[in-house]
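Protein chains get the first letters and strands the later ones, always in sequence-line order, with residue 1 at the start of each. The model shown is predicted, which means the values in this text are computed figures rather than measured ones.
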Protein chains: 2
Amino acid sequence: MVRQPSINAQHRPPLSIERIVEAALQIIDGQGLGRLTMRRLGDALEVEAMAIYHHLPRGKEELLDALVAHVAAAPAAAPAGDRGGGAWRDELRRWATSYRARLLEHAGVLPLLVTGRNPAALMSTTASLREILRRGGVPEDAAAGAAHALLALVIGHTALEVRGNAPGQGERTDWDVRFHTALDLVLDSVRPARRTG
Amino acid sequence: MVRQPSINAQHRPPLSIERIVEAALQIIDGQGLGRLTMRRLGDALEVEAMAIYHHLPRGKEELLDALVAHVAAAPAAAPAGDRGGGAWRDELRRWATSYRARLLEHAGVLPLLVTGRNPAALMSTTASLREILRRGGVPEDAAAGAAHALLALVIGHTALEVRGNAPGQGERTDWDVRFHTALDLVLDSVRPARRTG
DNA sequence: ACCTGAACACCGTTCAAGT
DNA sequence: ACCTGAACACCGTTCAAGT
C-alpha cells in the first residue's frame, strides 16, 4: 500500500506494441503522417526514441506495418440474422459503410495501405466479405470477384473522398450519396444462385 | 560551328520542371518513393540539389504535387467512333485498362495520390470519363455517379494489386481477370436513357 | 529485460555568394 | 537568371552503457 506520489513520472504503464501503435495513430490523426517520427513518438510516450526499438526491432518499418494491420483489420462481422430475401445486401452495405468510416477516421494511414507493405493485413477483411456473400447464396467464384470489387471500391472511394475533402474545395459534393450510389452499382450486379440450399 | 568537346559536362540541357519530374519519376520507379530525395534528384540531374528550388520554389512539396499531376492526368480519350449499340462500354473498358496500366507503371506514386495533395489533378480525368458516358446517352446524374464509381474502382483495384504483387506471395492471383470482373460488375449496372436523341 | 546518451550518416531548406 | 557552398535543424538507426 505504498502510495506513489503524483509526481506523474516513474510509474507510467510499461511500453508495449499496443501503446506504441496507439500513440502513433494519435500523431497521424492529429498532425499527419509526415509528422510521425520516432523522436516525436518517443516524446508522446514519455520515453527516449531509442526505447521503441526494443519493442519493434525493425524500427519505423515495423511500426508502419503494425499501423496498416491495425487500420485494415476487418470490423467484427455482424452476427447475421440471415432471414433470406437478400438481407445480405444490407449486411454488405453496413460492412462497407463502417469500413469506409474506419478508413476516413485514420485517413493519414491510407497512403501506407496502397503500398506493398504488410500484404497479409487485408486477408481477414476479404475473408469476412466472402463469408457474407457465401451465406447469401452467391456461388464461390462470383463471391470472390464481388468481394474483391467491393473492397476495391471502398478503398478507391475513400481515396477520392480524402482528396476531395482537401481544404479550399469549391462545390460541396455529397460524399455519402456518391458512396452509396457506387455501392449499389456493384451490389445490383451480384446475384445469388437460383435456389439457396 | 564551334564543336563542343564531348567532355559531357557543361552543355547539358538546362534544368526545367519537365526534366526534374521525369528524373524524379525514374528514381521512384526504379528505387521506390522512399529513396526520392532532393539530393539524389540533384545527382541524377547532374546539379546541386539546391538548384531545384529555383524551378520549384515550394521545394519537395511542389515536386510531389507535380508528380501527382503527371501520373493522374487523363490519357487521351479515343476519338470515339460512336456507332451506337453500346460501343461506349468498350470505350470505358479501354479507358479503365489504360488508366490501370498507367497507375501500375508508376505504382510508387500511388501513395501520393491517396492524399489531399493537388486536388485538381483528377478533374480532367473525371471530366473525360463523364464525357464518354454522356456521348453514350447516359443521363447527366447517372453519368456523374458512374464516372466516380469507375475511377474509384480503378484506383482501389490498383491499390489491391500493388499490395498483392508484393514479393513472397503464395497463390498466383490473376489480376487481369479480377480487374475485368470488377469492371463489368460496375458497367453492367450503367444504363443509357430509353432513347438516345 | 528495458531504457538511455552519444554518435553517425543522412534529410529538407535558407541564405549569402558566385557567374 | 541560374546555380553553388556552407550551414542549420532535423531525421532513422547503431552501439556501448546504465539500471
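- Interface residues of residues 31-38 of chain B facing DNA chain C, ordered by number: B:Leu36, B:Thr37, B:Met38; criterion, heavy-atom separation under 4.0 Å.
- The separation between A:Leu63 atom CG and D:dG12 atom C1' is 12 Å, rounded to whole Å.
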Item to check | Nucleotide-resolved protein contact map, nucleotides 14-19 of chain C, B/S/- at heavy-atom distance under 4.0 Å | outcome: B-----
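- Nearer the 5' end of DNA chain D, as judged by each residue's closest nucleotide, is the contact made by B:Pro14, out of B:Arg39 and B:Pro14.
- Under the ring pair (Phe, Tyr, Trp, His ring centres under 6.0 Å) criterion, no residue pair touches residues 106-137 of chain B, with sequence neighbours excluded.
- Distance, B:Glu62 CD to C:dG12 C1': 15 Å, rounded to whole Å.
- A straight line from CD1 of B:Ile20 to P of D:dC2 spans 11 Å, rounded to a whole angstrom.
- Protein atom CG of A:Leu56 is 13 Å distant from nucleotide atom P of C:dC2, rounded to whole Å.
- Salt bridge annotation for A:Glu161-A:Arg178: absent, with no cationic side-chain nitrogen under 4.0 angstrom from a carboxylate oxygen.
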Item to check | Dot-bracket line, read 5' to 3' along DNA chain C, where crossing pairs take [ ] and | marks a partner on another strand, Watson-Crick or G-U under 3.5 Å | outcome: ||.|||||...|||||.||
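- Taking the charged nitrogens against the carboxylate oxygens, A:Asp176 and A:Arg100 do have a contact shorter than 4.0 Å, which makes a salt bridge.
- A continuous path of Ile, Leu, Val, Met, Phe, Trp and Tyr side chains, each step under 4.5 Å between heavy atoms, connects A:Leu56 with A:Met38, placing both in one hydrophobic cluster.
- In summary, B:Asp43 and B:Arg40 do not engage in a salt bridge, as defined by a charged side-chain N under 4.0 Å from a carboxylate O.
- Taking both residues in full, the closest heavy atoms of A:Lys60 and A:Thr37 are given as NZ-CA, 4.3 Å, listed atom of the first, atom of the second, then distance.
- For the pair B:Glu61 CD and C:dG12 C1', the interatomic distance rounds to 11 Å; values are reported in whole Å.
- In the hydrophobic clustering of this structure, B:Ile155 groups with A:Trp175; members are Ile, Leu, Val, Met, Phe, Trp, Tyr whose side-chain heavy atoms approach within less than 4.5 Å, directly or through other members.
- Every residue two or more places apart in sequence or in another chain was checked for a side-chain hydrogen bond (donor to acceptor under 3.5 Å, both in side chains) with A:Gln31, and none qualifies.
- For B:Asp141, the CG atom is loosely surrounded, since the number of other residues' heavy atoms within 6.0 Å does not exceed 12.
- With respect to B:Arg134 and B:Glu131, a salt bridge is recorded, a charged nitrogen being found less than 4.0 Å from a carboxylate O.
- Distance, A:Ile52 CD1 to D:dC11 C1': 13 Å, rounded to whole Å.
- If you take CZ of A:Arg40 and C1' of D:dA9, they are 12 Å apart, rounded to a whole angstrom.
- In this structure, A:His55 atom NE2 and C:dT4 atom P are separated by 10 Å, rounded to whole Å.
- Taking every side-chain heavy atom of A:Val47 into account, C:dC3 is the closest of C:dG12, C:dC3, D:dT13.
- By the salt bridge (charged side-chain N to carboxylate O under 4.0 Å, His left out) test, A:Asp188 is found to be paired with no residue, residues two or more places apart in sequence or in another chain being considered.
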